[in-house]
Amino acid sequence: LTSAGTKTGTLVLDNSSPLREQELRGLPEPIQEVRAYSPLGCDNDLIKIESRVSYGFTRTQGEAIYATYVR
C-alpha cells in the first residue's frame, strides 16, 4: 500500500475487473476505480478505501468519490 496521500495507492478494482459495478445507472463513459491507501504508514493497520467513478465527455465530466477507513 502507499503511505503518502499524494501517491496513487494500490488499485483494487477498475473497469476491467470482473467484480466491478455492472449497472452504473446510464452514466455516459463511466470509469470506475477502487484504490487502497495506508495514510499513516505501512506499519499501521489503518487503511483508506477510496471508490471513484468518473463519467461524461470532455467538456461535461463529473465525478463521484466515496472513501472510508477500515482497521
Restricting to side chain to side chain contact (heavy atoms under 4.5 Å, CB included), what partner residues turn up for [X], sequence neighbours left out?
{"X": "Ile49", "value": "Val34, Ala36, Ile47, Thr68, Val70"}
{"X": "Ala67", "value": "Lys48, Glu50"}
{"X": "Phe57", "value": "Pro28, Glu29, Thr60"}

- List in chain and number order the residues that pass side chain to side chain donor-acceptor pair (under 3.5 Å) with Ser54, two or more places apart in sequence or in another chain; answer none if no residue qualifies.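 Side chain to side chain donor-acceptor pair (under 3.5 Å) list for Ser54, sorted by chain: Glu63.
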- Task: Not counting sequence neighbours, which residues clear side chain to side chain donor-acceptor pair (under 3.5 Å) with Arg59? List them please.
- Result: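 Checked Arg59 against side chain to side chain donor-acceptor pair (under 3.5 Å); zero matches.
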- Taking atom CG of Leu11 and atom CZ of Arg35, what is their separation to the nearest 0.5 Å?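 The CZ atom of Arg35 is 4.5 Å from CG of Leu11, to the nearest 0.5 Å.
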- Got a second to check how far Asp14's CG is from Arg52's CZ, nearest 0.5 Å?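 Between Asp14 CG and Arg52 CZ, I get 14.0 Å after rounding to 0.5 Å.
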- Query: Side chains of Gln32 and Leu13: does their closest heavy-atom pair fall under 4.5 Å?
  - Reply: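 Answer yes - side chains close enough.
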- Message: When you measure from the side chain of Asn15 to the backbone of Pro30, do you find a donor-acceptor pair of N or O atoms at a distance under 3.5 Å?
- Response: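 Here the side-chain-to-backbone pair exists.
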